[in-house]
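First listed ligand is number 1; within each ligand, the first listed atom is number 1. Sequential numbering from 1 along the given sequence is applied to the chain's residues.
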Amino acid sequence: MGNADKRVQSVAQSPEKVMNKLVSLAKRRGFIYPSSEIYGGLSSCFDYGPLGSEMKKNIKDLWWISMTRKHRNIVGIDASIMMNPTVWEASGHVSSFNDPMIDDKTTKRRYRADHLIENHIEKLRRDAKEEDAHRVSSYYESASEAEDQNRAFYDIIIAEEIKAPDTGSADWTEVRQFNLMFQCNMGALAESSGKVYLRPETAQGIFVNFHNVRESSRMKVPFGIAQIGKAFRNEIVKGNFIFRMVEFEQMEMQYFVKPGTQVESFESWREERFNWYIERLGITPEKLHWYKHDKLAHYADLAYDIKFEYPFGIEEIEGIHSRTDFDLKQHQEFSGKNMEYIDQTTNERYIPYVVETSAGSDRLFLALLCDSYTEDVIDGEQRVMMRFAPKIAPVKAAILPLMKKGEMGEKAAKLRDELATDFMVQYDDAGSIGKRYRRQDEIGTPFCFTVDHDSMEDHSVTVRYRDTAKQERIEISKVKEFLGAKLV
Ligand code: GAP
């Protein structure tokens with residue numbers, strides 16, 4: 001550790017307070033605002049501000065490049081949000097994309113019945129009541145398969161005397177199924193013939209384009225189709241800032257493989273995706289966890305989640321699913337179009353199996369906020385710093401003239417203009433240099449370039465590193481190259 005590094009001391013974090021601090025910082029500095037705030041907002045809807053939209057774009061660009069350009073056999077598409085409604089009958093979403101909900105009659109609060117039971121099992125485990133946990137877990141497994149799932153879930157909640165986690169009340173209604181898809185009407189008449197859905201996942205836009213993409217891009221199995229786009233779910237349980245929203249963005253890739261090779265492909269994607277978070281985004285490896293699904297979605301035969309340790313709990317960022325040939329087969333049946341693939345060399349015909357990687361860009365954004373938030377003391381002064389990887393940071397560099405007037409200000413403005421076409425940079429000439437550093441630390445700007453008196457003579461600037469506060473001189477003509485090298 002160099003001398004400069006010794007000037008930085010970490011301040012112990014209280015995880016409970018971190019979320020409140022993050023929500024407030026996110027709004028104050030222009031990362032995330034509540035949606036339509038002047039009208040009182042709208043539950044679980046948020047807007048990304050100037051820095052937030054820049055950072056989200058960085059996340060999506062990084063994913064896009066990693067998934068498409070870095071793989072010769074993966075191409076991207078951008079399908080429409082609204083699709084022919086039969087798509088959702090074929091995919092099973094009309095009949096099965098439901099959550100079991102239960103209301104508390106006293107508090108009028110609504111809960112996911114399955115979550116109440118899962119949390120109860122987890123609590124039994126935490127309390128070392130392994131036998132009880134095992135007993136409830138096997139009831140839950142058979143209840144999930146039961147013909148009358150609602151009744152079976154209700155019976156467990158009553159028998160186990162499960163209470164609402166936030167209020168402790170247990171005045172339960174029956175359990176009911178609640179479909180998560182948003183419906184709207186297309187055309188002038190609000191009649192059932194014009195009923196369309198807002199897509200609850202981007203994946204179906206890929207499945208229905210399987211042959212279009214294969215033919216137009218001359219793809220051979222195995223190949224993948226990637227997509228980033230909005231998805232909508234009428235979630236019963238909302239909250240935790242941008243973790244669970246009704247309108248959110250997915251980054252999905254469907255990889256089409258020969259039946260029988262799906263497990264090998266699944267394992268390879270599992271490894272690649274997990275490493276991506278560590279190697280490309282710099283997320284703390286100890287905060288990432290695997291979770292294997294025992295209870296599978298209607299389309300999957302194998303599923304794992306990549307989870308992150310948020311301050312409010314360990315929760316999913318990305319799902320990796322082996323979706324079998326379910327979707328293509330269903331679309332073949334409902335559309336009457338052949339979804340088979342013909343291997344040109346062996347003449348084999350089959351409906352490909354699909355391995356899917358499905359990440360949420362909003363959840364990843366939140367994970368990066370949580371993972372990067374740092375409080376430390378530098379030169380005896382407390383500061384807040386977002387330790388974003390330079391690639392992700394919304395602002396890559398700040399240009400700070402010691403004096404705003406005259407030649408110094410002009411030189412700094414010129415440097416800003418030269419960098420601005422290639423990098424997101426900020427020019428700041430207001431307040432003391434220390435205050436300006438703090439402003440940039442708080443939004444995670446990895447480099448500050450200070451134009452001072454010496455710059456007029458030696459045509460150099462001082463570069464200051466965010467994490468260590470270390471400083472060194474660099475020629476102005478080399479700044480662009482310096483930044484380019486730091487952002488690979
Ligand atoms: N096509 C598969 C699929 O949609 P999913 O596990 O339901 O799988 C994939 O969703 C990812 O989408 C999740 O890992 C999560 O990151 C994100 N996601 C799902 N629901 C969300 C919500 N209500 N708010 C924010 N992100 C959500």
Can you list every protein residue that has a heavy atom under 4.0 Å from any atom of ligand 1, sorted by chain and residue number? Glu201, Ala203, Arg233, Glu235, Phe243, Arg244, Met245, Phe248, Gln250, Glu252, Tyr299, Glu316, Ile317, Glu318, Gly319, His321, Arg323, Glu356, Ser358, Ala359, Gly360, Arg363
Does Arg125 pair with Glu122 as a salt bridge, N-O distance under 4.0 Å? no
For Gln149 and Ser144, indicate whether the former's side chain and the latter's backbone hold a donor-acceptor pair under 3.5 Å. yes
Salt bridge check, Arg323 against Glu201: does any charged N sit closer than 4.0 Å to a carboxylate O? yes
Tell me whether Glu54 is salt-bridged to Lys396, with the criterion being a basic N under 4.0 Å from an acidic carboxylate O. no
Near Tyr139 OH, under 6.0 Å, is it more than 12 heavy atoms from other residues, nucleotides or ligands? no
Once ring pair (Phe, Tyr, Trp, His ring centres under 6.0 Å) is applied, do any residues pair with Tyr255, and if so which ones, sequence neighbours excluded? Trp269
